[in-house]
Q: 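Below is the structure I would like to discuss, written out as structure tokens.
Computed from a prediction, not measured in an experiment: that's the story for all the values here. The chains referred to below are lettered A, B, ... by the order of the sequence lines, with proteins before strands, and numbering in each begins at 1.
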There are 2 protein chains.
Amino acid sequence: MGTPPGYRPSAWVHLLHQLPRADFQLRPVPSGFAPQEQEYQQALLLVVALAGLGLGLSLIFIAVYLIRFCCCRPPEPPGAKSPPPGGGCVTWSCIAALLVGCTGIGIGFYGNSETSDGVSQLSSALLHANHTLTAIDHLVLEMVERLDEAVRTELTTLEEVLTQRTELVAATRGARRQAEAVAQQLQGLAFWQEVPLSPVQVAEDVSFVEEYRWLAYVLLLLLELLVCLFTLLGLAKQSKWLVIVMTVMSLLVLVLSWGSMGLEAATAVGLSDFCSSPDTYILNLTREETGLGSDILNYYFLCNQAVSNPFQQRLTLSQRALANIHSQLQGLEREAVPQFPSAQEPLLSLEETLNVTEGNFHQLVALLHCRGLHKDYGAALRGLCEDALEGLLYLLLFSLLSAGALATALCSLPRAWALFPPRNPSASCSGSHLSEPFLHARLEPVPHLRSFPSCRRRPH
Amino acid sequence: MGTPPGYRPSAWVHLLHQLPRADFQLRPVPSGFAPQEQEYQQALLLVVALAGLGLGLSLIFIAVYLIRFCCCRPPEPPGAKSPPPGGGCVTWSCIAALLVGCTGIGIGFYGNSETSDGVSQLSSALLHANHTLTAIDHLVLEMVERLDEAVRTELTTLEEVLTQRTELVAATRGARRQAEAVAQQLQGLAFWQEVPLSPVQVAEDVSFVEEYRWLAYVLLLLLELLVCLFTLLGLAKQSKWLVIVMTVMSLLVLVLSWGSMGLEAATAVGLSDFCSSPDTYILNLTREETGLGSDILNYYFLCNQAVSNPFQQRLTLSQRALANIHSQLQGLEREAVPQFPSAQEPLLSLEETLNVTEGNFHQLVALLHCRGLHKDYGAALRGLCEDALEGLLYLLLFSLLSAGALATALCSLPRAWALFPPRNPSASCSGSHLSEPFLHARLEPVPHLRSFPSCRRRPH
């Protein structure tokens, strides 16, 4: 009832988790997340290798296509200056491929920002959890110090004042024992004090890696965008050297796209395995890293009715001891103050301390309850397994689209620039010519009519 | 210390909040969020009106430009079939405008999804808060019922068993009084029981509106995308009727873009005023809607060291009473069980009830603490004031880009289709012709050489 609705694996997680995995000998590998096992690592590397295979195949295809185009052209009749047929089709398929590539870039930007959002949600959940954990430690420290101070000063003064009546001294000693017991019980609640793991450090490491991943993708996306735009410009201006440079750049970006696709696919597969049942893995990892007991970790990571609060007993004992101190102080106030007026001051001060401690105790109960930390855990999982995974799938789509688009462009570009007319430097494009490409064109036969916009004058 | 880092207004909020506002008489209006005040409503409507002014100005500009183009053309020499100069420039500027429009569409999709994310974060925070509030009510109800049951059954049995010893009966009655006092104190903690406001209802209303807003934007974006693509297609195929239809559609989308820009700008300005200091407005609104006291609302909405827990006293009293019941039960067990063995069973059952109640009490303390609800409040504010506002600004950028692009396209399109050659139905584009547009072209002078790719045969 007190547990907020937690994380549930999405359909994508189930889908990816159900894909078959195999090691290098192609033996099936169970799809449980086990990054330390060699078999599982091999399964992920095989996913990367599949992308490498895809790259190899597409390079072979492009090479075969271009060799066939270069060597198997039907011989032109010697006098005909006509470009080979299919020029319009080639240019158009090139443009279409580049537009598909641009769409992919848009999707890539979206996916990159979505992944970044997911990871920053993970970091902020870790920072939040760290805030809660340090707040528990500080609060316990503060309460213990306050109680120790009360025992050292007010209770000692009170004993000295009431020294004549032994039963009152006994009551004061009883209060002192209870206060010491509370302080001792409380000290056991600062469970994160000795833990060597710092969520802040983890959050910083994650953010650091994510920052570079984000930057690398932005650079890749911008590079591909520039390649697309400059290729279009090269086609528009029929600039052979620009198109050649962009063909080489396209080849580079094709390799990068397949590389990123392999990494994304492997990460997505690994992430889906992790996300399909994260509790067990995280529990084991946290137990190893922190050395905390299973009861505490189960309480925070599961936080349901079946797991009881491991601090329940300490809290109840502290609470009862605080109530006992309160009734003892009230008894002392009734009995001692009429006879020893100087006892009133330390008694009032003690009650004040007790009230503050009880207020802090309620805050401590709230901080120790699993709701807060479990909510952070849920937020971290949602960030990683929903937003980041979704972003990763978008990035995968971007890589697929861009690999397809660039392969098509690489097939078309050399054919397109083979169709360009020989360059005439004196008539190259300039601002004033841009707006009047027709004036000369309409006067004479056009030896090389392009099917793509050109701002160059046709040779006279 | 126990308060998690909350919401802080972003730079965009500050920037938008500092813009001057004015009513219809152009008198300055303070920029505090006051949607019920007429002056403030006028200031927002004036922002919408500015977009209307922009639409009017751009329509006038387009009309003047086109009229000038139609009426003030230099008279063509009668024999010359040349298209007017500037055709290439016109087509290229049209394509550039449409590409800018497509970029805007990409930004619009991103902004729409970002806004949707922000609003769904708001809804989920509301649902979460509702979960906490109903959990408090349920828990209080459960604890009170359990205590009532214990008073009715076990304590009554105990009194009957111990009826021979009056001091034990007195102790049992003391425990009964304490249990009744705890039940009464607890009932005061279910503060949301009588409140007529349901966060679920608010979340559903918000989601309902957001769903339609999201859908409307997706339709607008798709419409603009289709207009851009079909206009490009029309230019490529030199299809006059398609370009004419798309010109009309562009005009429609231009009006829609300016309209959405007005709504976005007004919403962004209003949202920035709300987000610059949301606490006061939300506090007043919630006070009116729920009728809850300021102490409770301040505690949950501010949740800092300065605001004390309004349930502190009730919690402390309940806690002390529970501890007293425990010590009384222990006394009874010590005194009564040796003499009355039949008292053991109700006593054990009572202690079991007390343990469960103390466990539930700790859960109640955790639920009542401001941390959880204040975190939901912070998440709701971040969703609305960071993600949703950011998305809104992206949508504003989309509207600006698309208004500019469409205005440029509207200026260029009529000029572009005026340049199209007269249609020759028998030679219109078909698949088989696409790849051989040059074979015929190179044989004779070309009367209408397009600066845009065309797959139609030139007229012979």
Q: Applying the side chain to side chain donor-acceptor pair (under 3.5 Å) test to R320(A), which of H326(B), Q330(B), Q319(B) qualifies?
A: H326(B)
Q: Counting only heavy atoms not in Q313(A) (residues, nucleotides, ligands), do more than 12 fall under 6.0 Å from its CD?
A: no
Q: Is any side-chain heavy atom of D376(A) closer than 4.5 Å to one of K375(B)?
A: yes
Q: Minimum heavy-atom separation for Q363(A) and H369(B), please, with both atom names.
A: CG-NE2, 3.2 Å
Q: Look at A321(B), G359(B), C102(B), S308(B) and state which one has the largest set of heavy-atom pairs under 4.5 Å with chain A.
A: G359(B)
Q: Can you tell which part of T132(B) gets under 4.5 Å to a heavy atom of chain A, answering side chain, backbone, both or neither?
A: both
Q: Is the number of heavy atoms from other residues, nucleotides or ligands under 6.0 Å of Y394(B) OH greater than 12?
A: no
Q: Measuring heavy-atom distances to chain A, does H362(B) have an atom under 4.5 Å in its side chain, in its backbone, in both, or in neither?
A: both
Q: Sort out for me which of G372(A), S327(A), S113(A) touches chain B most, counting heavy-atom pairs under 4.5 Å.
A: S113(A)
Q: By a 4.5 Å heavy-atom criterion (distance strictly below it), what part of F361(B) contacts chain A: side chain, backbone, both, or neither?
A: side chain
Q: At what distance, to the nearest 0.5 angstrom, does OG1 of T316(B) lie from CG of L322(A)?
A: 9.5 Å
